[in-house]
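Here's the structure, in structure tokens; my notes come after.
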Amino acid sequence: MALSTVLSVAGLFAQSGVAVLIAFVLGGLLRRYWRPFLRHWTWSWLALAVHTGAGASAIMLGTFRPINDPLRFSLALAAGIAGYLQIAWLLLGTAELASARALPPRTTKWIIAAVTVFGAVLVTAYAWDPTRTELLFTLRVTVRRCAAAIAFLVGGVAITRAPRIARGIGRRVVMVSFFGLGAQQLHFLALLVAPAIRTRYSVYLASLGFVDVVLYVSLAMGLVIWLLEEERQATMDAAARIERIAYHDSLTGLPNRQLFLNQLGMALHHARRNDTMAAVLFLDLDRFKIVNDSLGHAAGDTLLQTIAERIKQTVRGEDSVTRLGGDEFAVLASEVYGPEDAVLLAERIITAVKRPIVVDGQELFVTTSLGISLYPADAQDPEGLLKTADAAMYRAKSQGRDLVERYVPEVGDAALERLGLESNLQRALELDQLELYYQPIVQSHTGLVTGVEALLRWNHPQRGLLLPAEFISLAEATGAIVPMGDWVLRTACAQVQEWRSRGQTQLRAAVNLSVRQLQTPELVDRVEAILIETGLPPEFLELEITESIAMRFSGRAVDNLRLLKAKGVRVSIDDLGTGYSSLSALRLFPIDSLKIDRSFVQGVPDNTDDSAIAAAVITLGLTLGVNVIAEGIERPEQLAFFVEQRCAEWQGYLLVRPVTAIECEKLLFSTARISGRHHAIAERVAS
Ligand code: C2E
Ligand code: MG
Ligand code: MG
């Protein structure tokens, strides 16, 4: 046997062995990773093993058997068919790799059948060609080499572009091996076509088979590395996903409490070392529950997402924001140099949240109450900071919402004591601890006191005078509000009727009503009974319903209000502007008064938005023919604005704070004192 023959036979057998090995590896990977392309590639390497193995055997036999010897022919046939199948399967697998999905089995079957026939025909034609034409030989060898070159190069390109493939060493090794194999086929082809070169370089040609072996081995190694890398990437992705789920709020994508506490812990560590400050801002949306209850959870979700986005945009990149659950958010501000910085940030957030939000075509106005706690002044650990900020937020709520409060040590205690209040609250009425304070409502252009608003106070034996914010919601939750509200109604009606009978005939009683009361079936009867009992004409009783409750008018509540209206009782919408309603919705309900909320009055006249809203409400009131009242006027400029805007009535600390019945009486019966005060203020503003 010539050296070249020995070399090529040895090379082919080596290739065959390696191909079997690779097929094994691929089969193993297939079972483990179940990627469609692995199946076709396994077949492809098996086919290569057959192609090279049978080819080598045929060459060996060829040295002492004629080409049409049955054994030699069968081997040549097997080698020829397997050679084409190898390429077909390689390409099929590559197509699957590139598209990342399995090909339909019918298609692959047809392709395989066609390729088998094609290979068989080519080999047979060559074997039975008696004249041994160069052409047939060239065709037989070059067609397959050509196809193989194309298949390898296509495979290499497909790998560079395949989607969802981790970038790593493995993939690069496979890609380079594919290109190498493609180049190798072309190189072989170039040497093969010319018979002169073929004979001259026969030894070199024959030894090229070993280069193939090397390339196959690197290909197999690359594949294993690649799939392992992919698995590692998938594991890392999964871990990241789990982390995201475990440490983030799914609705807003913000870090959750746990992650926030971790970040806070790190920030505090940093602050301690550098002797700097950090602040925690605790936010709770005002009356969010009502949005959720009345517009549905989807709307509530959209609202929360919008607000989360706004908070995120307001804080700096290094600050972190969390949603603690429900409508509670917290912000960690690490670069603060004093309380003013934290307050400034808090105010920016409050302003951002306040901008109208359109949900389902409805314009919503949401405000937020915000508490601030500072490291190291208020607390030294993450939990403590969050708790103190929460306590400060709670105080902001009780001060009238839409506010910023800094933590003061008693706040925490007050929050704790709230729990103790509950049991006492039930007995406050029996023990005669409730008292009504009154705040006069005056006519803007005359200064005449046209009404008094009854405001509930609780003289707590230990804690002193408690404001409604500290116990009304509790009373609502426990149901104690119903008997309490009854008492308020009776006391206010009786008191006002008494003042009326002594000459204040224009005076009306403004009484706040809670949701709970509004929904009790007996409300209408109770009110009627109280009016008869006290002798107060119905048109001198004005029931105040907060805007957010008004927007929930439904079923029983609406019926109750309509019945009361029919009996001549007046209805007013309180805290207008703090709910989420569009003002036009108010047209649907027959109301007598609108009270502009203190939070808008506060911004007048400096804040152009607030002023514009206040002015719009007054205009709306004028067109609807309802009485508009501005509440919470504290400064002369505010009064000047509302007088100028022709707001009918006002109340506020500027005139007088809510006072006891005795003090109120003194004020009322020296009318000069009140209207005198009004005029004095009005004149001061005018000049
Ligand atoms: P409201 O009906 O909006 O009452 C006005 C609140 O603003 C009162 O607070 C009043 O003291 C305060 N206020 C009046 N003028 C000014 C001012 O110029 N500046 C400031 N900063 N505040 C001013 P109060 O008495 O603490 O009552 C808070 C809320 O509690 C009331 O808001 C009302 O919604 C509720 N409330 C009071 N009494 C009752 C009651 O008998 N039953 C029910 N269901 N709720 C009540
Ligand atoms: Mg009120
Ligand atoms: Mg109000």
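Because the structure is predicted, anything quoted here is derived from the model rather than measured. Heavy atoms only: backbone and side chains are in, while hydrogens, waters and symmetry mates are out.
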Between Q497 and Q495, is the side chain to side chain donor-acceptor pair (under 3.5 Å) condition met? List the steps. CA-CA 5 Å; Q497 183 56 19; Q495 183 63 76; over 6 Å; no
Does any non-hydrogen side-chain atom of [Y] lie less than 4.5 Å from one of [X]?
| X | Y | result |
| --- | --- | --- |
| I629 | I441 | yes |
| D574 | I545 | no |
| C493 | L541 | yes |
| V280 | D378 | no |

Using the ring of Y653 (Phe, Tyr or Trp, six-membered ring only), decide whether R657 places NZ or CZ under 6.0 Å from its centre and within 45 degrees of its axis. yes
Give a yes or no answer on whether the side chain of [X] reaches the backbone of [Y] with a donor-acceptor pair at less than 3.5 Å.
| X | Y | value |
| --- | --- | --- |
| Q439 | V656 | yes |
| R323 | G326 | yes |
| S611 | P605 | yes |
| N560 | T520 | yes |
| R348 | T314 | yes |
| D597 | F600 | no |
| T322 | P255 | yes |
| Q638 | E634 | yes |

Measure from the ring center of W499 to the ring center of Y438 and say whether it is less than 6.0 Å. yes
Short N-O contact, [X] and [Y], less than 4.0 angstrom:
| X | Y | value |
| --- | --- | --- |
| D606 | R635 | yes |
| D592 | K565 | yes |
| E309 | K312 | yes |
| E498 | R502 | yes |
| E631 | K595 | yes |
| R508 | E649 | yes |
| K397 | E470 | no |

Testing Y437, F471, W487 one by one against W458 for a ring-ring contact (aromatic ring centres under 6.0 Å, His included), which residue passes? F471
Classify the side-chain pair S593/S572 by whether it contains a donor and acceptor separated by less than 3.5 Å. no
Evaluate the criterion side chain to side chain donor-acceptor pair (under 3.5 Å) for residue pair T660 and E435; output intermediate values, then yes/no. CA-CA 8 Å; T660 59; E435 187 181 0; 5.2 Å; no
Would you please test R310 and Q313 for side chain to side chain donor-acceptor pair (under 3.5 Å) and show each step? CA-CA 5 Å; R310 285 189 186 174; Q313 309 244 297; over 6 Å; no
